[in-house]
2 protein chains.
Amino acid sequence: MDRPVVPLGRPRAERADAKRNRLRLLAVAREMIAEGGVGSVTMDALAERAGLGKGTVFRRFGTRAGIFKALLEEEAHRFQEQVLNGPPPLGPGARAEARLVAYGRARIDFLIDNLDVARAATDRGFVAGPPAAVDMTLTHFRVLLREAGLGLRDPEILAVQLAAALEGPLLGYQAQGAGLPAPEAGPRLADGWRDLVERLFRGEPN
Amino acid sequence: MDRPVVPLGRPRAERADAKRNRLRLLAVAREMIAEGGVGSVTMDALAERAGLGKGTVFRRFGTRAGIFKALLEEEAHRFQEQVLNGPPPLGPGARAEARLVAYGRARIDFLIDNLDVARAATDRGFVAGPPAAVDMTLTHFRVLLREAGLGLRDPEILAVQLAAALEGPLLGYQAQGAGLPAPEAGPRLADGWRDLVERLFRGEPN
DNA sequence: CAATTAAACGGACTTTACCCCGCTTATATT
DNA sequence: AATATAAGCGGGGTAAAGTCCGTTTAATTG
């Protein structure tokens with residue numbers, strides 16, 4: 001008896017070969033992106049170059065977008081560390097308003113640096129649910145807005161809207177082409193974001 | 001001489017067969033959507049059912065998303081009519097703030113009614129530029145914001161952000177699944193939108 | 001009305017994401 | 001160590017988007 005009853009939810013820990021292959025695939029994907037851009041990462045090519053079967057790639061990541069999501073998550077992890085434990089205003093210790101502004105600036109830089117990957121991490125029209133990256137933003141905003149109080153009727157919704165206002169312009173329409181020439185986009189979006197947040201908080205005590 | 005020198009920009013008027021086929025394809029696409037949903041509209045099936053070659057479909061619409069964009073544009077035309085010439089607060093005659101709120105409410109309803117099509121009108125991650133529908137929103141917001149004055153440092157950017165805050169939640173993450181159960185989404189988003197706009201305008205004379 | 005030409009047409013072909021399922025292997029159990 | 005089994009693996013197969021290019025045709029011109 002006394003066998004380790006696995007709590008029904010938890011999946012039975014990743015098998016060693018699975019982990020090895022997952023890491024391998026991510027590494028190879030990074031190489032391929034560096035060499036030939038996001039577009040050069042096809043499932044067949046990735047599998048072959050990693051010396052694995054195509055089926056394995058799909059088993060590990062589910063979809064093509066899944067690979068880029070995973071790649072992004074690795075990066076985002078470092079970022080999240082700063083948000084949770086780093087120095088203010090990005091990290092805890094500053095007012096919600098200042099933290100929102102700081103988060104936005106950092107996130108915009110991050111997205112610009114990883115635009116292609118972030119785009120590729122998005123299946124057609126995001127249908128399959130938010131990229132984990134957006135989830136991170138959303139979660140953080142929810143906390144900050146609730147903390148800030150304000151007279152918010154529905155903080156949840158505002159979090160969603162702000163996340164969209166922050167990420168949408170880069171992930172979606174507008175990043176390049178219509179409206180915003182790529183080079184200036186960063187600072188301009190960052191300034192715009194600051195104005196937006198300050199305007200929302202204007203006149204609030206907090 | 002005296003031949004009608006076509007101003008270099010204008011394309012040489014759509015040929016009769018081209019127009020006929022374009023309309024035909026749109027009609028058939030609508031039928032197929034009604035019967036089997038957006039997913040049932042494949043390029044092959046559409047072409048065959050319309051009695052045309054696949055090449056023709058692509059020539060007319062460029063990409064699969066192009067078909068849905070065209071479909072949306074037809075609908076959006078009626079809507080735009082209301083915005084340009086209808087009664088206030090949607091049409092001209094009300095303050096910018098009220099018009100923004102009204103536009104948002106109407107647009108949310110429109111998007112909810114046409115969610116699948118709107119999503120399908122979006123190529124992977126919007127890469128190919130904003131759907132024409134978003135363009136409409138953007139243009140309108142630019143005008144309203146400039147008209148409103150406020151102390152805006154960069155009205156262009158705010159227009160983009162607001163458009164994203166309005167359409168993003170529906171077109172992208174959040175519409176169904178994470179967070180917002182579909183049935184309540186409409187009113188809740190509309191209320192949230194109103195709050196957002198009012199908060200932005202708070203304390204302004206205009 | 002005949003000639004001219006740019007545009008449109010069609011459908012075979014290519015590419016790629018994603019599915020299926022029989023075989024293999026890591027891990028837990030005794 | 002032997003066994004059992006859930007997980008993982010591989011790679012051929014399918015479906016659908018998008019391309020190419022030779023053929024056809026609507027519009028224009030003289």
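Proteins get letters first, then strands, A, B, ... in listed order; numbering begins at 1 in each.
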Euclidean distance, atom [atom1] of residue [X] to atom [atom2] of [N] [Å, nearest integer]:
X       : N      : atom1 : atom2 : value
A:Lys69 : C:dA17 : NZ    : P     : 15 Å
B:Ile67 : D:dA16 : CD1   : P     : 14 Å
A:Phe58 : D:dA15 : CZ    : C1'   : 13 Å
B:Leu52 : D:dT25 : CG    : C1'   : 15 Å
A:Asn21 : D:dG11 : CG    : C1'   : 15 Å
B:Glu14 : C:dA8  : CD    : C1'   : 11 Å
A:Met32 : C:dT16 : CE    : P     : 11 Å
A:Lys54 : C:dC18 : NZ    : P     : 11 Å

A:Arg64 side chain to A:Val41 backbone, donor-acceptor under 3.5 Å
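Present.
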Parallel, tilted or perpendicular: which fits the ring planes of A:His140 and A:Tyr103, with parallel below 30° and perpendicular above 60°?
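Aromatic pair A:His140/A:Tyr103 classed tilted.
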Sidechain N-carboxylate O distance under 4.0 Å for [X], [Y]:
X        : Y        : result
B:Arg49  : B:Glu35  : yes
B:Glu156 : A:Arg188 : no
B:Arg20  : B:Asp17  : no

Taking only side-chain nitrogens and oxygens of B:Arg60, does any of them come within less than 4.0 Å of OP1 or OP2 of C:dC9?
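So the side chain of B:Arg60 is within the cut-off, an N or O lying under 4.0 Å from OP1 or OP2 of C:dC9.
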Residue-phosphate contact under 4.0 Å: A:Arg20 side-chain N/O, C:dA26 OP1/OP2:
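No.
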Report yes or no: is there a donor-acceptor pair, N or O only, under 3.5 Å between the side chain of A:Arg15 and the base of D:dA7?
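Side chain to base: pair found, below 3.5 Å.
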Can you find a donor-acceptor pair, distance only, under 3.5 Å between A:Lys19 side chain and D:dG8 base?
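Counting by modelled atom types and ignoring angles, no donor-acceptor contact under 3.5 Å is found here.
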Residue closer to the 5' end of DNA chain D, B:Asp17 versus B:Val41 (nearest nucleotide)
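Result of the comparison: B:Val41.
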On DNA chain D, compare the nucleotides closest to B:Ala16 and A:Asp44; which residue's is nearer the 5' end?
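Result of the comparison: A:Asp44.
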Using a heavy-atom cut-off of under 4.0 Å over every strand shown, decide if B:Thr56 touches base, sugar-phosphate, or nothing.
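If one applies the 4.0 Å heavy-atom cut-off, B:Thr56 turns out to touch a base.
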Contact class for A:Arg59 vs. all strands (heavy atom < 4.0 Å): base, sugar-phosphate, or nothing?
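A:Arg59: base contact, heavy atoms under 4.0 Å.
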By nearest nucleotide on DNA chain C, pick out whichever of A:Gly55 and A:Gly39 is the more 5' one.
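Per heavy-atom nearest nucleotide, the more 5' residue is A:Gly39.
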Can you identify which nucleotide, out of C:dC18, D:dA16, D:dG10, has its nearest atom closest to the A:Arg64 side chain?
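The nucleotide sitting nearest to the side chain is C:dC18.
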Shortest side-chain distance from B:Ala18, nucleotide among D:dT19, C:dA8, D:dG13:
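The listed nucleotide nearest to B:Ala18's side chain is C:dA8.
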